[in-house]
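Step one of this worksheet: look at the structure below.
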Amino acid sequence: MARVALVTGGSRGIGASISKALKAEGYEVAATYAGNDEAAAAFTAETGIKTYKWNVASYEDSKAGIAQVESDIGPIDTVVANAGITRDAPFHKMTPEQWQQVIDTNLTGVFNTVHPIWPGMRERKFGRVIVISSINGQKGQFAQVNYAATKAGDIGIVRSLAQEGARAGITANAICPGYIATEMVMAVPEKVREAIIGQIPAGRLGEPEEIARCVAFLASEDSGFINGSTISANGAQFFG
Ligand code: CAA
């Protein structure tokens, strides 16, 4: 029977590439999205991958959504916590709302996504938890106190989960993408983006497929001894 993978934020950006890569590896994939119905419908039409709409910031919505996926497709043994948002502002201008929205989605969202799936992984003695962190969780970033805090938090989450899951056949790892050519990075003012590209030794943005490749590697059954680690994929911008 095919393994079942859940990818949050899996219908756009890096998440869409992850969903497609796992499908190509033979997984049954469910992709979640928060609000963009049109993009999700287009993604399903293109790929045949089923999409589910819920807010990862809500524990109850996540729990109900995951129960629905498991009843439709089967027990989830691979979860990719990818959904994330930015609310960039220099710290002196950052509002409590901007702080809280990013914490709720990017950090609490990881808890809400993995927690309902974890008991089943423990029972079945197999699981793959992959959290999409960021180079900015490793190095910090101007105007991203909120985002960098969540992405650094992801690394603490996987290092801890790895220790709890190791004897139950569960691995938990993080991937730290550098700047990837997605809508999130394209939303950065052009002048700032050009300056960022100038700081990447590879001389270019990364491609979403280059992150999906890391996910497929960590998800595979023979990656079982890679646990609690972080893979950096950033064109040599920073080695973490
Ligand atoms: N480093 C140092 N200084 C910077 C800077 C940086 N990276 N970015 C902006 N500044 C400076 C500007 O030069 C400007 O300085 P002056 O006032 O002396 O001219 C000042 O900060 C900007 O001040 P403003 O009050 O005008 O800023 P603002 O309130 O309009 O905010 C901004 C602008 C939100 C910071 C905008 O510049 C921006 O979006 N910057 C990019 C932040 C960024 O890199 N985000 C990463 C997004 S991609 C991502 O998150 C994916 C991932 O995981 C990698």
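The figures here come from the full heavy-atom set of this structure, side chains too, leaving out hydrogens, waters and symmetry mates. All ligand and atom numbering here is 1-based and tracks the order in the structure. Numbering starts at 1 and runs along the sequence shown.
- Counting the atoms of ligand 1 from 1 in the order shown, those under 4.0 Å from a heavy atom of A143 are 35 (C).
- In the hydrophobic clustering of ILVMFWY residues, with side-chain heavy atoms under 4.5 Å counting as a link, L22 and F126 come out apart.
- For atom 17 (O) of ligand 1, no protein heavy-atom neighbour is present inside the 4.0 Å cut-off.
- Y179 and N136 are linked by a side-chain donor-acceptor pair at a separation below 3.5 angstrom, with hydrogens and angles left out of the test.
- Between the side chain of S17 and the backbone N or O of A212 there is no donor-acceptor pair closer than 3.5 Å.
- Heavy atoms only, all atoms of each residue included: I226 and N173 are closest at O-ND2, 2.9 Å.
- Counting the atoms of ligand 1 from 1 in the order shown, those under 4.0 Å from a heavy atom of T86 are 50 (O).
- In summary, the atoms of ligand 1 found under 4.0 Å from a heavy atom of P189, numbered by their order in the structure, are 38 (C), 39 (O).
- In this structure, atom 42 (C) of ligand 1 has protein heavy atoms in its sub-4.0 angstrom surroundings.
- In this structure, atom 50 (O) of ligand 1 is in close contact with the protein, since a protein heavy atom lies within 4.0 Å of it.
- Considering NZ of K63 and CD of Q68, their distance stands at 14.5 Å, rounded to 0.5 Å.
- Residue I196 places a heavy atom under 4.0 Å from ligand 1.
- Counting the atoms of ligand 1 from 1 in the order shown, those under 4.0 Å from a heavy atom of V192 are 37 (O), 40 (N), 41 (C).
- A salt bridge does not link E209 with K20: every distance from a Lys NZ or Arg NE/NH1/NH2 to an Asp or Glu carboxylate oxygen is 4.0 Å or more.
- Within the 4.0 angstrom cut-off, atom 45 (N) of ligand 1 has one or more protein heavy-atom neighbours.
- The protein heavy atom nearest to atom 33 (C) of ligand 1 is P90 CD, 4.8 Å.
- Side-chain N/O atoms of S232 and Q138 include a donor and acceptor closer than 3.5 Å.
- Every atom of ligand 1 is numbered from 1 in the order shown, and the set under 4.0 Å from a heavy atom of Y147 is 50 (O), 51 (C), 52 (C), 53 (O).
- Residue contacts with ligand 1 for Q144 involve side-chain atoms from C-beta outward but no N, CA, C or O (heavy atoms, distance under 4.0 Å).
- V7 and V114 fall into different hydrophobic clusters, where Ile, Leu, Val, Met, Phe, Trp and Tyr residues are linked whenever their side-chain heavy atoms come under 4.5 Å apart, directly or through other members.
- Linking ILVMFWY side-chain heavy atoms closer than 4.5 Å, directly or via other members, places L6 and I130 in two distinct hydrophobic clusters.
- Heavy-atom proximity to D88, at under 4.0 Å, picks out these atoms of ligand 1: 34 (C), 42 (C), 43 (C), 45 (N), 46 (C), 47 (C).
- Under a 4.0 Å criterion applied to the non-hydrogen atoms of K93, ligand 1 contributes the atoms 24 (P), 25 (O), 27 (O), 28 (P), 29 (O).
- Shown here, atom 13 (O) of ligand 1 is out of close reach of the protein: none of its heavy atoms lies under 4.0 Å off.
- Taking 4.0 Å as the cut-off between side-chain N and carboxylate O, E210 and R204 count as a salt-bridged pair.
- Linking Ile, Leu, Val, Met, Phe, Trp and Tyr residues whenever their side-chain heavy atoms come within less than 4.5 Å places I175 and F217 in a single cluster.
- Within a 4.0 Å radius of atom 29 (O) of ligand 1, the protein contributes at least one heavy atom.
- Listed by atom number, the atoms of ligand 1 under 4.0 Å from V188 heavy atoms are 41 (C), 47 (C).
- Shown here, atom 54 (C) of ligand 1 is in close reach of the protein: a heavy atom of it lies under 4.0 Å off.
- Between E221 and R3 there is a salt bridge, since at least one side-chain N of the basic residue sits less than 4.0 Å from a carboxylate O of the acidic one.
- For atom 8 (N) of ligand 1, the closest heavy atom belonging to the protein is F142 CD2, 3.5 Å.
- There is a protein heavy atom closer than 4.0 angstrom to atom 2 (C) of ligand 1.
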